Protein chains: 2
Amino acid sequence: MDLRDRRRKILKAVIESYIDTAEPVGSKTLADIFENAFSSATIRNDMSELEEMGYLEKPHVSAGRVPSYAAYRLYVNELMEKRHALSFEIEAMRRELENKLSEFEDLGLAASRIISAMSGQTGFSAVKTAGERVKRCELILCDDGHSYACVLLTGSEVKSRMIRLPFIVAPEDAAMLKAAINGCISENKLSLFLNMLARSVSAEEALFKLAEGVVRFIEETENESESVKLHVEGAEKILNMREFQDTRKARELMEYLSDKKVLSDILDSEDDTPVCIKIGPEIDEPRARDASFVFTTFTVDGARRGVVGIVAPTRMDYGKAIEYLASFRQAAKQLNPHKKTEE
Amino acid sequence: MDLRDRRRKILKAVIESYIDTAEPVGSKTLADIFENAFSSATIRNDMSELEEMGYLEKPHVSAGRVPSYAAYRLYVNELMEKRHALSFEIEAMRRELENKLSEFEDLGLAASRIISAMSGQTGFSAVKTAGERVKRCELILCDDGHSYACVLLTGSEVKSRMIRLPFIVAPEDAAMLKAAINGCISENKLSLFLNMLARSVSAEEALFKLAEGVVRFIEETENESESVKLHVEGAEKILNMREFQDTRKARELMEYLSDKKVLSDILDSEDDTPVCIKIGPEIDEPRARDASFVFTTFTVDGARRGVVGIVAPTRMDYGKAIEYLASFRQAAKQLNPHKKTEE
DNA sequence: TTTAGCACTCTCGCCCCCTGAGTGCTAATT
DNA sequence: AATTAGCACTCAGGGGGCGAGAGTGCTAAA
């Protein structure tokens, strides 16, 4: 039995036991786990070495050992057995995604709910609607005769809104308005157009109201598309965890999670691995010291991009989390009807 | 000084002091509040009467008194001084609502966020999109030449979705498809139509895919429209409160709040008062014993209806909560461009 | 290099006591 | 009859002391 190897085994066992029970792990417990292949004294020696190397910590002198953040990092990088997403899991995820997506329309909301429900942990998502411009608008007269459905097309999305008017606008006028607006969109002269229109018709007139509504909708859509939307779902789940029994810690984490600005910093730091892991202090934020974030980017329709992930105590089950997220990523890809799955 | 009157004053003072400090209130504190208009002994006598009447409770013998649920009920019904929504507050709320609404599009999400942010408490919302049928669909060819924006009109809403196709569908074919589908919508024969179509063209064909996409979108929209969507925002805020320092209580409440089914029960119980209040055990749910719900219905555009409210400990500031919600209600009404505000 | 044995340390739960806040009752006062 | 002063009583909460149990590090033997 190679010494290095035994130490790695011991470290792995400590981490896995701690993930499972949230209790510090003692030498005797470990000896049991290894069915006394080596004695508790041997294990004590190794553990004391591992402590010096910075992988283990003692809450106090007689409490067994707890993995350090460095240990978790080593664990996810090297020690952990990597499961890979099972096809039936991907399939379940895909169905769920399809359902929820039509139920919510909001991609981020759907993503965070699914991942939270499936993993039983707190889920989060950030979706940045890439800063796209509106390319074209359409106006559709509604059956009530005095409302128009305004439809905007960007490169990859449709958005629509009802514009209600106090009076009737003739379809011909609406058609003209549409043509005029579409003409101005490309040249970025919408507000100019609105000013011009204001001079030729009264501001009270329905046609003007319609124009105003359309222009505002376009502006809002373009502005919105630059923003990032964050969701946190199932926040109560992390409260069940041992480490957040301490009310102060729980509160601080909840606060951090609802602080959208800070959270988005983490997500910006995404690297190129499919599933990214941030362990405790790797996020530069004291309130998140005891939590880890596991997340992945995903695409739907090849265009709308997002980040979805799981927040849990640092002693979370990283293997499971990675598995769920990989499944989600795959599932989202399969939703895309006009591209083949690559990976 | 009429005795009845004094007792009411004392009860009011107990409640308000408790709302403020979350500490049981003793006779001496009260004597101070009344600037020794009556002695602590007198107050003790009255308090003991009030206790017998069920309005006050003792956590233990030497801890001062705490209002009972009945006391809060009496307070909101009779004792409390009713503030009314200030116009500048309504105005601020309206602006906020306009912003957020365009930012989120999701009415419920916007409502819960606004009310949570403004009140500094946990906010929630439930929006039922009244079970409306799709009346008409439109298809708009996108610039990429092989995607169609599918737009659905119900009586009061527009919904849109991009349908991407692997191949090109000729605009004439799309126009025909649209006409056919619109013909079938009113007679509820969509699935029949799809079957029929399947017989005349291959299921692989783009036209069929398009038809399928449209029909699915219609079905989803109609199903969705019967559902209720719930949001809870700023859940961490209630954790700051004294009464939820107890982790078990906090967890239970959070659990209850994320249990969408149960929460919707409360909301169904809305009565006809503009702002409805449910105090602790008035909700038949042990996990919510220590919380009160203050909520109101609102309408935007005269059509989309919802419920929005505040959850807080039973000792919340009911006056403020009511004020915020009344403001919100007003603000939502003013958003509606084609109806005059009535109230 | 591994293991058995042992003394040592520290947390945690328990009990006890003390203090302070607030009460209820009684008797005196208005 | 209503109010008030005075006093004995109760009880939660904090602090200190104590013992049990868990786990360690060290030493010496295998």
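Note on naming: letters A, B, ... go to the chains in the order of the sequence lines (proteins, then strands), and numbering restarts at 1 for each one. Side chains are part of it too, since the values below use all heavy atoms of this structure and drop only hydrogens, waters and symmetry mates. All of these numbers come straight from a predicted model, not from anything done at the bench.
Judged as a salt bridge (charged side-chain N to carboxylate O under 4.0 Å, His left out), the pairs with a partner in residues 62-71 of chain A (not counting sequence neighbours) are, in order, E51(A)-R65(A).
Within the cation-pi definition used here (under 6.0 Å to the ring centroid, within 45° of the axis), R6(B) qualifies as a partner of F38(B).
Nucleotide dG23(D) holds its C1' atom 14 Å from the CG atom of D32(A), rounded to whole Å. Rounded to a whole Å, the CZ atom of F38(B) is 14 Å from the P atom of dA5(D). One can place CZ of F34(B) at 16 Å from C1' of dT3(D), the figure rounded to the nearest angstrom. Note: CD1 (I10(B)) to P (dT23(C)) measures 12 Å, nearest angstrom. One interatomic measurement links the two molecules: CD1 of I43(B) to P of dT4(D), which rounds to 9 Å at whole-angstrom precision. Following rounding to the nearest Å, N45(A) (CG) and dT1(C) (P) show an atom-to-atom distance of 11 Å. Taking atom CD of E52(B) as the reference point, atom P of dT23(C) lies 15 Å away to the nearest angstrom. Between the P atom of dG25(D) and the CD atom of E51(A) lies a distance of 7 Å, rounded to the nearest Å.
Between S39(A) and the phosphate of dT2(C), there is no side-chain N or O to OP1/OP2 separation shorter than 4.0 Å. Side-chain nitrogen and oxygen atoms of T42(B) include at least one within less than 4.0 Å of the OP1 or OP2 phosphate oxygen of dT4(D). Applying the 4.0 Å criterion to OP1 and OP2 of dT2(C), one finds that R6(A) has a side-chain N or O inside that range.
Residue D284(B) places its CG atom among 12 or fewer non-hydrogen atoms of other residues, nucleotides or ligands, all under 6.0 Å distant. For CD of E35(B), the number of neighbouring non-hydrogen atoms (other residues, nucleotides, ligands) closer than 6.0 Å is 12 at most.
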Nucleotide-resolved protein contact map, nucleotides 12-22 of chain C, B/S/- at heavy-atom distance under 4.0 Å: --------BBS
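Using modelled atom types and a 3.5 Å distance limit, the side chains of Y318(A) and S292(A) yield a donor-acceptor pair. Under 3.5 Å, the side chains of S119(A) and K320(A) contain no donor-acceptor pair of N or O atoms.
Residues passing the side chain to side chain contact (heavy atoms under 4.5 Å, CB included) test with E81(A), sequence neighbours excluded: K12(A).
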